[in-house]
Each structure stands twice: as structure tokens, then as C-alpha cells.
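The structure presented is a predicted model; accordingly, all values stated were derived computationally and were not measured. Quick note on labels: first sequence line is chain A, next is B, and so on, each numbered from 1.
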Amino acid sequence: MIGIVDCNSFYVSCERLFRPDLNDRPVGVLSNNDGCVIALSNELKALGITMGTPAHFLRDQVMHEGVTLFSSNYELYGDISQRVQAVLEEFSAGIDPYSIDECWVDFSGFSADQLEQHAHELRRRVKQYTGIPVSIGVAPTRTLAKVANRAAKKNASYEGVCVLYPNSPRAVELLQHFDLGDIWGIGRRLDEKLRQLGINTAWDLRRQNAKELRRRFSVTLERTVLELQETPAIEMMGMDFARERIMTSRSFGQLTEDKSEVRGAIRQHAQRSAEKLRKQGSLCRAVLVFLRTNPHRHDLDQYNPSQIIELDHATDDSRDIVAASMRVLERIYTTGFQYKKAGVMLMDIGDRSVEQLSLLDSARSDIERARSGRLMGVMDELNEKMGRNTVRLGSAATGAAWQLRCANRSPRFTTRWDEIPMAKL
DNA sequence: TGGGCGGTT
DNA sequence: AACCGCC
């Protein structure tokens, strides 16, 4: 049996750890750039607000209905996430982190009654040690564990834990009332197409022929059906493999046509991309830079250029990647447009140990490579220890228009000494 | 009216 | 190079 542990309204729960006064209040957390609501407390949901609502729709509620909105504070959420994972790891047979607020947990080897008890114990420990409330779904497959998790969350009588044993009446009952679009892996598009075939619930989908659906749709849908039928078909342990493309992009806090500001943003995104590249032990051979104007502003001219540049050798050196990005930017940047977003994508990615053996790379000496590796290693270590962007290439450019809007970000309580909470006794 | 993938045209 | 789908 496999379990999925999902933190309830995770970002909101993180904020509430340090603001217990908000425990029964409507609270939301905004996306990067304070764009839209991406995490909602139950009290905020009860006001009819949904995920993705633009923040400015909520201005009145913030003023008059006691709604509290936070800018997102990923440094805090990332740290709390690691603490939750540490607890899960300590009290289980094995874990496999899935996202910042979800984690697969190995539940194999328990008898039926032990299993339910163990899940409740796990939930209690996480709450005790981190303060974060979680819901746990357990089932023979990942897709069914996700179904169980949703039930655990929606139905208070489960008290945060729902176990679906193979062939159980509870599973049948649940699937019969489970909306197609809420199944893990069924998006809006697929939901629509399947409904045209008269498939409306998880139970309907479970009764389909998996091979037939593979032929008509895709191998991923076949896997989903198999998993609903209690046959494991989705492996996750290998989910952590190296990315084939690595992108870093951000919207600007406000539109800008200042070239030096766009340059600053690209320089930062190039360095962040290079960091991610080194983290997964890869080298890249091509860099893509793109710019975007605001597609919602029909009154402004649109321009969404992107261009790729091939590097003369595979690299993970931030200096190479920044230099290449700057060359591309020079080629695509055009004055007279109001830019909304910029990004850097690394492509043609391969494993470091393989790439370095390539004859094409013989132009670079071993000494050169060793120096680069040491320098990048020191930069990564300092940035990891002291906070992102402590050491960087080029100037700081703080206060530029392109920097993120985050008007209501809480302190990074657990990762910055100068933002640590103070207690008055 | 977000970001980061993978994929297709 | 531009666009789409999904989470």
C-alpha cells in the first residue's frame, strides 16, 4: 500500500504558524508578483473565493471583511516542507517527496488495522513536531491514494485519514461519486472528451478497457485506468530524473522598456538556471532567451521573441551561460515595447560525466575545467548557506522595476537570522 | 490574471 | 520559433 501525505492549505498553514491569531480567519496566499490567490484557508473558500482569483478582486474584502492576504514566502514554505518530510521519514518505512506540500509514503507491510492506526499516528506526529495539519490517503496505487486523500480532506468524519483497501465497498462507493476531472492526471481537456463518451465518474473510467483507451487517447490515460483498477502503473521513485530543459522566468513587478533592467533580469535568470543545472549534475549546449509583452494589454503592441544560441562547448559555468544569454538578448531586444516577462531556458542537456568525455570538448583544458568547477562549487555553497544571490555575477540592481511585487511577504522566520521571531517575556 | 516543465505544430 | 496542456 502507498500513501500520499498532503499538507492542508499548506502556504496558509505556514503563515499561521507564526500568526496564530489568524487560525479561524479567512487567509490567502498570493502567487509570485502578488498576481492571484494560490492558497486559501477554509474560511476564505467559504466566502466563495476560488484558486486563481486575481488579487485585485479581493481589495474590498481585505478592507471590510477581515480577509488577510500574504505575498508568497517560498523560503519559509520550503523550510517548513523539509521539516514535515523529516518527520515523515523518521516515522515511516520510506518517503518520496512529490511537491512542496505532498509526499509519498511507503505503507507496505502493515496489517489492515495497524495501517489505519499508523496513518493517524503519522498525522499526529507531523502536527506535533511542525504544527502543520495534513491529510493522508492510502491505497494500493498512487492514483487511488490521491482519491483517498481527497476524501480524507473533504469528509470530516475520516479525521484526516482515508484508507482504501483492495476491492473494498468503500472504494467502490467513493469512486462512484468521484468527479472525473478530480482524478490525478485528468485535466480539463481529457475531462471534456471522456464525458462526450458518457464517462462521468472515476467509477465509469475504472470500468473501461485500458488498452482501448491507450489506442484512442494516450499511454498516460491507460496507466490512470489501470491504477483505478488497483494495478500499479505509475512509478515515482524515478520521477526525480534529470530535467531535459531547465527554465527560470519571472513576470516583472511592472511593465518596463528599460533595456538595462531587462538585462538585469536575464542575468539573474541565467545564473539561477545554471545553478539548477549544476544541482542535477548536467551540462548544457544551448541557451534560449525569451521576452514577453503583456498579452492582456490589447492597447499595447505585442512582441514575444525567443531565440536559441548554441554554445561552443557543453558547460555548467554561470559565466558562459550569462555571456550567452546576453548575446541572445542583444539580438532579440527591440525598443518600443513594454516588456512583462523574461526568461532563460537551458537546452540540449546531458550528463556531466558523459559530456566531458566528448571529443568536441577537447578545446577546454582539464585545468580550465577544474578551475571552473571549484569556482562554481564555492558560489553554490555560499549561496546555499547564506541565502540565494549572496554571491552573483554582475551588479545587484536592487529596486529595479522588474523586481517582484511582494507587498505583504512575511519574514523568513526560520531561514534568516535577522528575521527570526522575537518573543517578549 | 504565476511558474515550470513536457510536448506539438 | 510559437504555441498548447497540465499540474
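Open room surrounds CZ on A/Arg59; 12 or fewer heavy atoms of other groups in view lie less than 6.0 Å from it. Applying the 6.0 Å contact sphere to CD of A/Glu384 captures no more than 12 heavy atoms from other residues, nucleotides or ligands.
Ring centroids of A/Tyr339 and A/Tyr333 are separated by less than 6.0 Å, placing the two rings close together.
Atom CD in A/Glu244 sits roughly 11 Å away from atom P in B/dC5 (whole-Å rounding). Between A/Arg245 atom CZ and C/dA2 atom C1' there is a gap of 12 Å when expressed in whole angstrom units. As a whole-Å value, the separation of A/Leu190 CG from C/dG5 P is 12 Å. Per the geometry, CG belonging to A/Asn304 stands 10 Å off C1' belonging to C/dC3, to the nearest Å. Look at CD1 on A/Ile100: it is 15 Å from P on B/dG3, rounded to the nearest Å. As rounded to whole Å, 10 Å separates atom P of C/dC7 from atom CH2 of A/Trp184. Between the CE atom of A/Met347 and the P atom of C/dA2 there is a distance of 13 Å, given to the nearest Å. When the P atom of C/dC6 is taken as reference, atom CE of A/Met51 falls 16 Å away, rounded to whole Å.
Comparing A/Lys340 and A/Ile246 against DNA chain B, the residue whose closest nucleotide sits nearer the 5' end is A/Lys340. When each of A/Asn294 and A/Ser249 is assigned the nucleotide of DNA chain B with its nearest heavy atom, A/Asn294 is the one assigned upstream, toward the 5' end.
Relative ring orientation between A/Tyr11 and A/Tyr74 is described as perpendicular, the plane-to-plane angle rising above 60° on a 0-90° scale split at 30° and 60°.
A salt bridge links A/Glu43 and A/Arg16; the closest N-O separation between the charged side-chain nitrogens and carboxylate oxygens is under 4.0 Å.
Note on A/Leu30: nothing from the nucleic acid sits closer than 4.0 angstrom, heavy atoms only. Residue A/Ile332 is classed as having no contact, given no heavy-atom separation below 4.0 Å to the nucleic acid. Backbone-only engagement by A/Gly185 is indicated by non-hydrogen atom pairs under 4.0 Å involving sugar-phosphate atoms exclusively.
Taking only side-chain atoms of A/Arg243, from C-beta outward, the nucleotide of B/dC5, B/dG7, B/dT1 with the closest atom is B/dC5. Comparing B/dG3, C/dA2, B/dG6 by their nearest atom to the side chain of A/Ser306 picks out C/dA2. Picking from C/dA1, B/dG3, B/dC5 the nucleotide with the shortest atom distance to the side chain of A/Ile308 gives C/dA1. Nearest nucleotide to the A/Thr248 side chain, out of B/dG6, B/dG4, C/dA1: B/dG4. Side chain of A/Met247, nearest nucleotide from B/dG3, B/dG6, B/dG4: B/dG4. In this structure, the nucleotide among B/dG6, B/dG2, B/dC5 sitting nearest to the side chain of A/Asn32 is B/dG2. With distances taken from any side-chain atom of A/Ser251 to the nucleotides B/dC5, C/dA1, B/dG2, the minimum falls on B/dG2. Comparing B/dC5, C/dC7, B/dG3 by their closest approach to the side chain of A/Lys276 singles out B/dC5.
Residues A/Gln307 and A/Arg331 bring a donor and an acceptor atom of their side chains to less than 3.5 Å of each other.
Only the C1' atoms considered, B/dG2 is 16 Å distant from C/dG5, to the nearest whole Å.
A donor and an acceptor atom never sit less than 3.5 Å apart when one is taken from the side chain of A/Arg250 and the other from the base of B/dG3.
In this model, the phosphate group of B/dT1 is not approached by any side-chain N or O of A/Ser31 to a distance below 4.0 Å at OP1 or OP2.
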